[in-house]
Amino acid sequence: MTAIERPRRLRRTPALRRLVAETTLQPRQLVLPMFVADGIDDPRAISSMPGVYQHTLDSLRKAAVEAATAGVGGLMLFGVPLPEDKDAIGSQASDPDGILNRGLRAIAEEVGDATVIMADTCLDEFTDHGHCGVVAADGTVDNDATLHRYVEMALAQADAGAAMLGTSGMMDGQVGAIRRGLDAVGHTDTAILAYAAKYASAFYGPFREAVGSSLVGDRRTYQQDPANRRESLRELELDLAEGADIVMVKPAMSYLDILRDVADRSTVPVAAYQISGEYAMITAAAERGWIDRRAAIEESLLGIRRAGADIVLTYWATEAAHWLS
């Protein structure tokens, strides 16, 4: 019999497969996105994201402790203001008593440095038009006026206890403007998680329910075109030059090629966001018995890690951390 190569030798038992696994998944590599809402007395279920909630301050504290105890690496907090508190410039975003900043203080008091407290530094949840920035008279988003608001928002979040700011608005120059603004007032240790490549994706739908978005239209004039690949490397280079501490690709699962490109070139850690639509698809298929829920979740997270992500933002962070522990 002719000799043949037998790669199956290393797949024969769970112990062998574990020994030679090229990619690992650990709780510390996971970040839990969380929502805190104003004006509610009990956690409110998000219908398009079964198992995910808009939190009260009390339930936010409890969920943050559970995540930190499970070893989750970070918490990314989004605020959901009352509809009547929204305005054209998203004033609540930089108000120390706005819901997002109150939420940041609450979890900072509760978990301290047990996990990394992150804040979404974007205006879309707080504007009455739902865009990520200040809208000019002609209906376009004014990039430079928005940068001014981002700096004000960033300072309020750093004061409230955020250790890392997620610059998700995709305005040109946002990382540099926020870095300079933070440094000017002594927040030199506040890190920036730059959304270097954020695409105008159809998979954000459930998230818009989660934050009570007021958006009419789309964000294609500032988020990236799904058809483009090289553009992400330009965005990466600009964010690195402006002082990004971590860079991120969003969404994750439909953009694994982008994630690999960014990971191959980045000089800082790389994150990827498994977004609401990705969560909803797996959840819906599992509810119908079409796929094995846990196996699909673990495989999806491992695939994002394998493509190059050092950090994965996922709504399953706490649950997966319990499994992995």
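Not measured: the values here are computed from a predicted model.
A donor-acceptor pair under 3.5 Å is absent between the side-chain atoms of Arg149 and the main chain of Gly133, judged by distance alone. Checking side-chain atoms of Ser59 against main-chain N and O of His55 turns up no donor-acceptor pair under 3.5 Å. Under the 3.5 Å distance criterion, the side-chain polar atoms of Asp120 are left unmatched by any main-chain donor or acceptor of Phe78. Proximity of a side-chain donor or acceptor of Arg28 to a complementary backbone N or O of Gly73 within less than 3.5 Å is not detected. One N or O on the side chain of His129 and one on the backbone of His131 form a donor-acceptor pair closer than 3.5 Å. Side-chain atoms of Arg11 do not come within 3.5 Å of backbone N or O of Arg17 as any donor-acceptor pair. In terms of modelled atom types and a separation under 3.5 Å, the side chain of Arg265 and the main chain of Leu233 share no donor-acceptor contact. Formation of a donor-acceptor pair under 3.5 Å by the Arg105 side chain with backbone atoms of Pro96 is found in this model. Judged by distance alone, with hydrogens and angles left aside, the side-chain atoms of Gln224 form a donor-acceptor pair with the main-chain N or O of Lys198 at under 3.5 Å. Side chain of Gln274 to backbone of Leu301: no donor-acceptor contact under 3.5 angstrom is found.
The aromatic ring centres of Phe35 and Tyr53 sit 6.0 Å or more apart.
Tyr199 and Ser254 are not linked by any side-chain donor-acceptor pair at a separation below 3.5 angstrom, with hydrogens and angles left out of the test. Between Glu66 and Thr318, the side chains place no donor N or O within less than 3.5 Å of an acceptor N or O (distance only, hydrogens not considered).
The pair Asp38-Arg102 meets the salt-bridge criterion, with a side-chain N (NZ, NE, NH1 or NH2) lying under 4.0 Å from an Asp/Glu carboxylate O. A salt bridge does not link Lys62 with Asp58: none of the charged nitrogens is closer than 4.0 Å to a carboxylate oxygen. In summary, Glu319 and Arg293 engage in a salt bridge, as defined by a charged side-chain N under 4.0 Å from a carboxylate O.
The side-chain contact (heavy atoms from CB on, under 4.5 Å) test with Val268 is passed by exactly one of Val247, Asp245, Asp310: Val247.
Considering every non-hydrogen atom in both Ile297 and Ile282, the closest pair reads CG1-CG2, 4.2 Å. Counting all heavy atoms, side chain and backbone alike, Thr56 lies closest to Pro43 at CG2-N, 3.9 Å. What you find for Val31 and Met76 is that their closest heavy atoms are CG1-N, 3.9 Å. Looking at every heavy atom in both residues, Gly103 comes nearest to Leu77 through C-CD2, 3.5 Å. Ile258 approaches Ala197 most closely through the heavy-atom pair CG2-CB, 4.2 Å. Contact detail for Thr121 and Met153: the closest heavy-atom pair is C-SD, 3.9 Å.
The distance from atom CD1 of Ile304 to atom CD of Glu278, rounded to the nearest 0.5 Å, is 6.0 Å. The distance from the OG atom of Ser94 to the CG atom of Asp159 is 11.5 Å, given to the nearest 0.5 Å. Once rounded to the nearest 0.5 Å, the distance linking CD1 of Ile246 with CD1 of Ile192 reads 11.0 Å. Here the CD1-OH distance, from Ile275 to Tyr255, works out to 8.0 Å after rounding to the nearest 0.5 Å. Separating the OG1 atom in Thr127 from the CG atom in Asp87 is a distance of 8.5 Å, to the nearest 0.5 Å. If you take CZ on Arg208 and OG on Ser214, they are separated by 11.5 Å, rounding to the nearest 0.5 Å.
Taking a 6.0 Å sphere around NE2 of His148, one finds it holds 12 or fewer heavy atoms contributed by other residues, nucleotides or ligands. Residue Phe203 qualifies as open at atom CZ: its count of foreign heavy atoms under 6.0 Å is 12 or below. Annotation: Asp113, atom CG; neighbour count of heavy atoms from other residues, nucleotides and ligands within 6.0 Å does not exceed 12. Within 6.0 Å of CZ on Arg234 lie no more than 12 heavy atoms contributed by other residues, nucleotides or ligands. When the shell of 6.0 Å around CZ of Arg306 is examined, it contains 12 or fewer heavy atoms from other residues, nucleotides or ligands. Atom CG of Asp189 has 12 or fewer neighbouring heavy atoms from other residues, nucleotides or ligands inside a 6.0 Å radius. Atom CD of Glu299 sits in a sparse spot, with 12 or fewer heavy atoms from other residues, nucleotides or ligands closer than 6.0 Å.
A cation-pi arrangement is present between Lys250 and Phe207 under the rule of less than 6.0 angstrom and at most 45 degrees off the ring axis.
Val185 and Leu104 fall within a single hydrophobic cluster, where Ile, Leu, Val, Met, Phe, Trp and Tyr are joined by side-chain heavy atoms under 4.5 Å apart, directly or via other members. Clustering ILVMFWY residues whenever any of their side-chain heavy atoms sit less than 4.5 angstrom apart, transitively, puts Leu313 in a cluster other than the one holding Leu100. In terms of hydrophobic clustering, with Ile, Leu, Val, Met, Phe, Trp and Tyr side chains grouped at heavy-atom distances under 4.5 Å, Ile40 and Val211 are assigned to different clusters. Taken together through direct or relayed side-chain contacts under 4.5 Å among Ile, Leu, Val, Met, Phe, Trp and Tyr, Val116 and Leu32 form parts of separate hydrophobic clusters. Put simply, Val249 and Tyr222 are part of two different groups of oily side chains (I, L, V, M, F, W, Y) that touch within less than 4.5 Å, one to the next.
Note on ring orientation: taking the six-membered ring where Trp is involved, the planes of Tyr315 and Tyr273 are tilted (angle from 30° to 60°).
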For this session: Check step by step if side chain to side chain contact (heavy atoms under 4.5 Å, CB included) holds for Leu147 and Gln174.
Result: CA-CA 6 Å; Leu147 296 185; Gln174 61 186 13; 3.8 Å; yes
Exercise. Can you list the steps and then say if Asp138 with Thr140 is a side chain to side chain donor-acceptor pair (under 3.5 Å)?
Worked result: CA-CA 6 Å; Asp138 63 359; Thr140 62; 2.6 Å; yes
Exercise. Passes side chain to side chain contact (heavy atoms under 4.5 Å, CB included), Leu259 versus Val270? Steps please.
Worked result: CA-CA 8 Å; Leu259 177 55; Val270 175; 3.6 Å; yes
For this session: List the steps, then state whether side chain to side chain contact (heavy atoms under 4.5 Å, CB included) holds for Glu125 with Gln92.
Result: CA-CA 9 Å; Glu125 298 102 297; Gln92 278 280 306; over 6 Å; no
For this session: Report the C-alpha distance between Met171 and Thr167 in whole Å, list the side-chain angles of each, state the deciding distance to 0.1 Å, and finish with yes or no for side chain to side chain contact (heavy atoms under 4.5 Å, CB included).
Result: CA-CA 9 Å; Met171 296 296 123; Thr167 56; over 6 Å; no
